[in-house]
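What follows is one structure encoded as structure tokens, with my remarks underneath.
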Amino acid sequence: GAGSVLTKVTLQLDPGDKRMLRITLPPESKFWFGYVNQQSVWPWYEDGDVLLQLEPSAIDGQDSVVEFFYATQLELQQRRKIKTSLIGPRLDLPLENISWTLYYPETWQVEEWEGNLSLDDQQRGRALVSNMKDYMQLEQKSRQMRMSKAESLLNEANVLLEQGKQEQARSAFSSAYNLSQSDAAFNEDARVQLQNVREQQALVAIANRRNMFINDKAGAQVTGQQRQVPQENLLNFTAHDLQGVLVGNTADENEALRRLAARLIDQQQAVPAKPQAIDITLPQQGQTASFSRSLQVNDRAELVIEIEGTRSHAGRVGAPLLILLLLAALAFGVSAASGRKSA
């Protein structure tokens, strides 16, 4: 018989200078969608691998979080006999603190677990979600956690604005907006603040370019030149810098520059740069087993869990066997993966 396995992978790392995460999925697998720091991202495909663009965390000192989902087709030897291997994705970096949780049907009696991860006997049992009420409670808890994170990001974004870290603030506002879809008022507040940051960045860039043109045309000997923001500060400027590039203009000139900046941002927003995947809460049904591994240095090696057992008779005779599993893998990148050198 054949079955399907749905896998959610969560990875925490400091990307450092690394810009792309290369993912080699197991055979017969299909990539669904991915997130980087709570924002959905376009997958790139190269030589059968999936590439996701990495971004540093909006908050200094915090790791980036990468999540992605994929589905795998499995083959079982016989209808009543269970013998199969579950293979994890390969990532182009070493991993540590790996945990892998399986949710498998109540009809399975697993007699033997093998592979290169350690089974945690204390974590075996039944999944918490067994009916619709449990699922709704899990979903409500997930929403509360997302809103709590969104509130924290919104507060941090405003602190970053005061510090002149416009680019980090924009990333934090964007994450807060994506996480707060369940609260219309908060979500609109995050959207407006995100829009304001984008328009201010565009305004500074346009005004700065205009001032450069005016100064070059006037010549170096002319006094009272228009103030300019250094190129390296165009995306990270203070309120003083913003006011400075507008000094010397008339009110009508500044209003025209603001309208132009807003129009440019509206045009950019008209064509989505990234897919907006739906954030889902997967039902954790059936029996559960957890596995762990402290370190995997060889980034080309595979994580493997082998299952042997039996399946009790259920369903119509001759019906295709459908295995619906949730595999959740949690891995943390070691220092070598982040571009940092250990002492």
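Any value given below was found using the heavy atoms of this structure, including those in side chains, with hydrogens, waters and symmetry copies removed.
- For residues 156-182, the pairs satisfying salt bridge (charged side-chain N to carboxylate O under 4.0 Å, His left out) are D60-K165, E167-R170, with sequence neighbours left out.
- Interatomic distance, I206 CD1 to R259 CZ, rounded to the nearest 0.5 Å: 12.0 Å.
- By the 4.5 Å heavy-atom criterion applied to side chains, P43 and L52 are counted as neighbours.
- When the side chains of ILVMFWY residues are joined at heavy-atom separations under 4.5 Å, either directly or via intervening members, L160 and L179 end up in two distinct hydrophobic clusters.
- Looking at heavy atoms from C-beta onward, L13 lies in side-chain contact with L93 at the 4.5 angstrom threshold.
- Nearest approach of A150 to S180, heavy atoms of both residues: CB-CB, 4.1 Å.
- When hydrophobic clusters are built by joining Ile, Leu, Val, Met, Phe, Trp and Tyr residues whose side-chain heavy atoms come closer than 4.5 Å, directly or via intermediates, V65 is not grouped with F173.
- When atom types are taken as modelled, the side chain of Q168 and the backbone of G164 share no donor-acceptor pair closer than 3.5 angstrom.
- Side-chain contact check for L295 versus L95: every heavy-atom pair is 4.5 Å or farther apart.
- Ring to ring, F33 and F69 are close: their centroids are under 6.0 angstrom apart.
- Taking CH2 from W42 and CG from L51, the interatomic distance works out to 15.5 Å, rounded to the nearest 0.5 Å.
- Taking the six-membered ring wherever Trp is involved, the centroid distance between the rings of W113 and Y104 falls below 6.0 Å.
- Under the 3.5 Å distance criterion, with hydrogens and angles disregarded, no donor-acceptor pair is assigned to the side chains of S294 and E96.
- The OG1 atom of T24 sits 4.5 Å away from atom CZ of R90, with the distance rounded to the nearest 0.5 Å.
- Between V204 and Q200, every side-chain heavy-atom pair lies at or beyond the 4.5 Å cut-off.
- Counting only distance, with no hydrogens or angles, the side chain of N208 and the backbone of V245 share no donor-acceptor pair below 3.5 Å.
- A salt bridge between E67 and K8 is present, with a side-chain N of the basic residue lying under 4.0 Å from a carboxylate O of the acidic one.
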Could you check R258 against E199 for salt bridge (charged side-chain N to carboxylate O under 4.0 Å, His left out), going step by step and ending with a plain yes or no?
-> CA-CA 8 Å; R258 288 191 173 91; E199 290 181 3; over 6 Å; no
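- Across V9, V5, L6, V50, a single residue satisfies side chain to side chain contact (heavy atoms under 4.5 Å, CB included) together with Y70, and that is V9.
- Linking Ile, Leu, Val, Met, Phe, Trp and Tyr residues whenever their side-chain heavy atoms come within less than 4.5 Å leaves L194 and L264 in two separate clusters.
- With no hydrogens or angles considered, no side-chain donor-acceptor pair links D120 and S290 at under 3.5 Å.
- More than 12 heavy atoms of other residues, nucleotides or ligands sit less than 6.0 Å from atom CE of M20.
- In this structure, D92 pairs ionically with K18, as a charged nitrogen and a carboxylate oxygen lie closer than 4.0 Å.
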Evaluate side-chain contact (heavy atoms from CB on, under 4.5 Å) for F186 paired with M147, printing each intermediate quantity in order.
-> CA-CA 9 Å; F186 185 97; M147 282 304 305; 3.9 Å; yes
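- A 6.0 Å sphere centred on CD of E306 holds more than 12 heavy atoms belonging to other residues, nucleotides or ligands.
- Classification of R22 and E46 as a salt-bridged pair holds, one side-chain N sitting under 4.0 Å from a carboxylate O.
- Between I23 and P89, the shortest heavy-atom distance links the atoms CG2-CB, 4.2 Å.
- Counting only heavy atoms from C-beta outward, the side chains of L54 and V66 approach each other to under 4.5 Å.
- What you find for I265 and R198 is that their closest heavy atoms are CD1-O, 3.6 Å.
- In this structure, R146 CZ and S175 OG are separated by 13.5 Å, a value rounded to the nearest 0.5 Å.
- At least one side-chain heavy atom of Q166 sits under 4.5 Å from a side-chain heavy atom of L161.
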Audit row: T238, D241, side chain to side chain donor-acceptor pair (under 3.5 Å) steps and yes/no = CA-CA 5 Å; T238 64; D241 293 327; 3.2 Å; yes
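- Here the closest heavy-atom approach between residue A261 and residue A202 is recorded as CB-CB, 3.8 Å.
- E308 places no side-chain N or O within donor-acceptor distance of the main-chain N or O of V110, the cut-off being under 3.5 Å.
- Side chains of L86 and V304 form no contact here, defined as non-hydrogen atoms less than 4.5 Å apart.
- For D189, the side-chain hydrogen bond (donor to acceptor under 3.5 Å, both in side chains) partners two or more places apart in sequence, or in a different chain, are Q193.
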side-chain contact (heavy atoms from CB on, under 4.5 Å) between E55 and S64, intermediate numbers included | CA-CA 7 Å; E55 296 287 345; S64 291; 5.6 Å; no
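- Taken from CD1 in I59 to CD in Q62, the straight-line distance is 4.0 Å, to the nearest 0.5 Å.
- Here CG of N178 is found 9.0 Å from OH of Y35. Values are rounded to the nearest 0.5 Å.
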From CA spacing to verdict: side-chain contact (heavy atoms from CB on, under 4.5 Å), F68, F31 = CA-CA 8 Å; F68 61 91; F31 184 86; 3.6 Å; yes
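- Within the 4.5 Å cutoff, no side-chain heavy atoms of E151 are placed close to those of L154.
- L25 and L303 end up in the same hydrophobic cluster when Ile, Leu, Val, Met, Phe, Trp and Tyr side chains are linked at under 4.5 Å.
- Counting only distance, with no hydrogens or angles, the side chain of E28 and the backbone of T72 share no donor-acceptor pair below 3.5 Å.
- Under a 3.5 Å cut-off, the side chain of S29 and the backbone N or O of P26 do form a donor-acceptor pair.
- Taking 4.0 Å as the cut-off between side-chain N and carboxylate O, R210 and E253 count as a salt-bridged pair.
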